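First the structure, in the form of structure tokens, and then the observations on it.
Computed from a predicted structure; not experimentally measured. So you know, we letter chains A, B, ... as the sequences are listed, proteins then strands, and number each from 1.
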Amino acid sequence: MARSGPPLRLFQNWQAKLAATPMILTALVVFIGCSLWTVVYSFTNSRLLPRLEFVGLAQYERLWSTPRWQVSIENLAVYGVLSLILTLAIGFLLAVLLDQKIRFEDGFRTIILFPYALSFIVTGVVWQWILNPDFGLQHIVRGMGFSGFTFDPLNDPNLVILALLAAGIWQGAGLTTVILLAGLRGIDEDVWKAARVDGIPTWKTYIFIVLPMMKPVFATCVVLISAGIIKLYDLVVALTRGGPGIASEVPAKYVYDYMFGNQNLGQGFAASTMMLAAVLAIIIPFALFQLGRKRRV
Amino acid sequence: MSDAAFPTRAAAPARASAPRGRLLDGPAGVAPTRRMNPKRIMVYGGLIVFSIYYLLPLWVMVMTSLKGMPEIRMGNIFAPPMEITFEPWVKAWSEACTGLNCDGLSRGFFNSVAITVPATILSIAVAAVNGYALVNWRFKGSEVFFTILIFGAFIPYQVMIYPIVIILREIGLMGSVWGLVLVHVVFGMPIITLLFRNYFSSLPPELFKAARVDGAGFWGIFLRVLVPMSLPIFTVAVILQVTGIWNDFLFGVIYTRPDSYPMTVQLNNIVNSVQGVREYNVNMAATLLTGLVPLTIYFLSGKLFVRGIAAGAVKG
């Protein structure tokens, strides 16, 4: 394109290169450089300040023997699986409902998606209030005559994950709904005609014909939801602050607290490296799958 | 892939018009069901139940914020206030305490404005130029950097936050609003660059070639030809960035000091502070105030918001 440019190759197209400098710096310095830096320092015994004194896998051994980390991982796994399943199920159900040529479709969609515009802090604070044992749901059900009714997830270590789920799905399921709805609208009309001619009931068409056709859209949703799950932090801070006790701790919060609260950088680095490993374990197969799909087309 | 994956309406009219066409041609096949039948009732019933789940928190927020504390202690959080008071709103805005500061959320609001405005403008300017260079001025390695950028969008922030603290400290921006702006520019880059790259590559290449023949250079083509015809995509990017940056908590709490905390951080500090009597009405007014900016954008922008998040969504 820049055939008339100066002979030196580096300076060919120099304006574009100059203009792309922020992108190049972001890619190399932040995304690659900073990530590698953290991985390297996770093998050191840095505490208040980072220092290059290597201790092998000691931080990781300590990490995996810390109860708080074990609880965090367990919570993330339970929350992740339930949130993924529920978000996809609710998202698909809502998308199908919205797809029935209904009136006020825009209105319903606006209602379903609006929490997505709100921050997790706002979401967490609102749900903390709704689930407040003295004023919220529990109080109201008791007031209706069920005086023995107990539902206090914010103070029950076994149920606190439900509070996170209710709030998380409230905030995020609208996005899945919208993406899946777009996927439904992308299905060829002929598929529906053929199913109608064969006399297949609508619900069966959705589950056995349309659902398998939407695999790529679902894959996108799964990646998006998973990326959000691993980053789960703000919601926990605002809704439960990790409590009761350590019952709702999550890895991202562990990282933050050890880096900036407990001044134990090495632990923070090791924990964040584990998070990176988890993400790579999801992203790499997905990227290969996408690559394979492109090759075949 | 992004535009093709989101034909909100493109396919819908085709299907919606099918029964109507049949009506004109005379009866054939199943009559279109227009009246209420059990199936329709189930559809609307389901949607209404979900709508209640989605609207209830908003309702509770508004109602609680308009009540006095005595009424909250006695009553039902779902009930509308018997006596409307705007005092919680005033208090949340100008008197609520975070730590030693008792000047309310207004401080956080103006901090958030001071962060969001430059961060939105800068990140979009940088990303638009990136997208333009990636489409029209490819150079050796440009696609590699772009691929790294897109992969970078999936790296958990926790892996990068500490080295960035060091970088910001070195360049003297740690704790300042501008440091946070820089962080937002960096982390907003993948999605917004993708957005512009896809948009620019959908434009006819003849446009670019004609401008080249006319002697326009790198910036000339960008500013005089591409930018004027990219208004919709700029709007989408603004919506995406303003809501994203306004709602950020993690970066705000790490890279700013208490006097420059954004609104979300301040809200969390007000609500989750341990000391003092809890004033739930003030908390809810503060929550609504914090959510007001993104909600306004959401309700005003309508379809564009959906387009924005969908474009961001298919970044894989």
key: Criterion side-chain contact (heavy atoms from CB on, under 4.5 Å) on Y233(A) and F249(B), from CA distance to verdict   = CA-CA 9 Å; Y233(A) 171 74; F249(B) 173 79; 3.7 Å; yes
task = Indicate yes or no: at least one non-hydrogen side-chain atom of C34(A) is less than 4.5 angstrom from one of I167(B).
result = yes
query = Using non-hydrogen atoms only, which part of V186(B) is less than 4.5 Å away from chain A: side chain, backbone, both, or neither?
reply = both
inquiry  = Which one wins on heavy-atom pair count under 4.5 Å against chain B: Q128(A), Q100(A), H139(A), Q171(A)?
reply    = Q100(A)
remark   = Pair count under 4.5 Å, heavy atoms only, with chain B: among I230(A), I112(A), V30(A), V255(A), highest is I112(A)
ask   = Which atoms of L265(A) come close to chain B, meaning under 4.5 Å heavy atom to heavy atom: side chain ones, backbone ones, both, or neither?
value = side chain
Atom of A27(A), atom of F145(B) and distance for their closest heavy-atom approach = CB-O, 3.9 Å
task = Over all heavy atoms of both residues, which pair between Q158(B) and A252(A) is shortest? Give the atoms and the distance, please.
result = NE2-CB, 3.3 Å
note = Given S119(A), G174(A), A19(A), the one with more heavy-atom pairs under 4.5 angstrom with chain B than any other is S119(A)
key: Side-chain touch T110(A)/Y298(B), heavy atoms, less than 4.5 angstrom   = yes
message = Is it the case that the side chains of W129(A) and T64(B) hold a donor-acceptor pair, with the cut-off being a distance below 3.5 Å and no angle test?
response = yes
task = Give, as side chain, backbone, both or neither, the part of M61(B) having an atom under 4.5 angstrom from any heavy atom of chain A.
result = side chain
query = Which region of L28(A), side chain (C-beta onward) or backbone (N, CA, C, O), has a non-hydrogen atom less than 4.5 Å from a non-hydrogen atom of chain B, or is it both or neither?
reply = side chain
message = Are N247(B) and L118(A) packed together at the side-chain level, in the sense that at least one heavy-atom pair is separated by less than 4.5 angstrom?
response = no
key: Part of V165(B) lying under 4.5 Å from any heavy atom of chain A   = side chain
Structural part of L134(B) lying under 4.5 Å from a heavy atom of chain A = side chain
query = What is the minimum heavy-atom distance between K231(A) and I155(B), and which atoms define it?
reply = CE-O, 4.3 Å
ask   = Is there a side-chain contact between L97(A) and M42(B), using heavy atoms and a 4.5 Å cut-off?
value = no
task = Give the ring-plane orientation class for W37(A) versus Y162(B), where under 30° counts as parallel, over 60° as perpendicular and anything between as tilted.
result = parallel
Please report, to 0.1 Å, the donor-acceptor pairs under 3.5 Å made by any side chain of residues 286-295 of chain B, with sequence neighbours excluded.
from    : atom 1 : to      : atom 2 : distance (Å)
T287(B) : OG1    : N283(B) : O      : 2.6
T290(B) : OG1    : A286(B) : O      : 2.8

query = Is the closest side-chain heavy-atom distance between F50(B) and I111(A) below 4.5 Å?
reply = no
task = Run the numbers on M259(A) and I254(B) for side-chain contact (heavy atoms from CB on, under 4.5 Å), then give the verdict.
result = CA-CA 10 Å; M259(A) 275 187 194; I254(B) 293 174; over 6 Å; no
key: Gap between atom OH of Y53(B) and atom CH2 of W170(A) - 0.5 Å precision   = 8.5 Å
